[in-house]
Amino acid sequence: MSFKSDKYYHKEVQDEVIRKRLLIDGDGAGDDRRINLLVKSFIKWCNSGSQEEGYSQYQRMLSTLSQCEFSMGKTLLVYDMNLREMENYEKIYKEIECSIAGAHEKIAECKKQILQAKRIRKNRQEYDALAKVIQHHPDRHETLKELEALGKELEHLSHIKESVEDKLELRRKQFHVLLSTIHELQQTLESK
């Protein structure tokens, strides 16, 4: 049961108790009985024969009135105190609600920070893994030197290839001339 619904439940119970006491006991402080006594005292005072008896009834009436006034004052003070307590409880309830809302906001913020920290940690782990892979490879300066050396070697091999192709072409031509000469010689020999 939530704090708010619990509060309303207690208020309903309290209202029901007050209603029952008012039905049974006037305003809940025995005043109904006192008023009845006051009315009886007033009737006795009116019907009193002697001055002493009248004075005695008059004092009882004043005493009963004082008790009623005291009880009423006490009831009003309790009522005021209850109102202040209800206001105080409302204030406390609002403060608790604000605290709960603030706690929810802090929890949400902390969750965001945790997610961000996890992302940063994951990125750092990936960076470390990449750094280890990169460290196994030569640096750019060495790679450029190797590329330059390979370029020179490729150029040298290209020159060799060209010279080999030139020699091959020369041999092909020489071979063709040789074959032509052999063919002519053969024809000459056959014609004789």
Using a 3.5 Å distance criterion without hydrogens, assess whether the side chain of Ser71 forms a donor-acceptor pair with backbone atoms of Gln67. no

N/O donor-acceptor pair under 3.5 Å between Ser63 side chain and Gln59 backbone: no

If you draw a 6.0 Å radius around CD in Gln116, do more than 12 non-hydrogen atoms from other residues or ligands fall strictly inside? no

Report yes or no: do Leu65 and Phe70 belong to one cluster of Ile/Leu/Val/Met/Phe/Trp/Tyr joined by side chain heavy-atom distances under 4.5 Å? no

State the CG-CG distance between Leu170 and Asp166, to the nearest 0.5 angstrom. 8.5 Å

Are Leu157 and Lys161 close enough, and set up right, to give a side chain to side chain contact (heavy atoms under 4.5 Å, CB included), and what steps lead you there? CA-CA 6 Å; Leu157 289 174; Lys161 180 183 172 191; over 6 Å; no

What is the distance from atom NE2 of His176 to atom OG1 of Thr181, rounded to the nearest 0.5 Å? 9.5 Å

Glu87 with Lys91: basic N within carboxylate O range, under 4.0 Å: no

Heavy-atom count check: over 12 atoms from other residues, nucleotides or ligands less than 6.0 Å from Gln51 CD? no

Are Ile100 and Ile92 in one and the same hydrophobic cluster, where Ile, Leu, Val, Met, Phe, Trp and Tyr link if side-chain heavy atoms are under 4.5 Å apart? yes

So, taking the atom named CD in Glu95 and the one named CG in Asn88, what distance separates them when rounded to the nearest 0.5 Å? 8.5 Å

Quick one: pull up CG in Asp128 and CG in Asn123 and give me the separation to the nearest 0.5 Å. 11.0 Å

Working note: Glu153 + Leu150, criterion side chain to side chain contact (heavy atoms under 4.5 Å, CB included); need CA distance, chi angles, decisive distance, verdict. CA-CA 5 Å; Glu153 188 177 342; Leu150 288 172; 4.2 Å; yes

Only pairs at least two apart or in different chains count here, so list each salt bridge (Lys or Arg N to Asp or Glu O under 4.0 Å) that has a residue in residues 167-186. Glu169-Arg172

Taking atom CD1 of Ile120 and atom CD of Gln113, what is their separation to the nearest 0.5 Å? 10.5 Å

Side chain to side chain contact (heavy atoms under 4.5 Å, CB included) between Cys68 and Met72, intermediate numbers included: CA-CA 6 Å; Cys68 288; Met72 188 176 76; over 6 Å; no

Quick one: pull up OH in Tyr127 and CD1 in Ile134 and give me the separation to the nearest 0.5 Å. 11.5 Å

Above 12 or not: heavy atoms from other molecules or residues under 6.0 Å from CD of Glu52? no

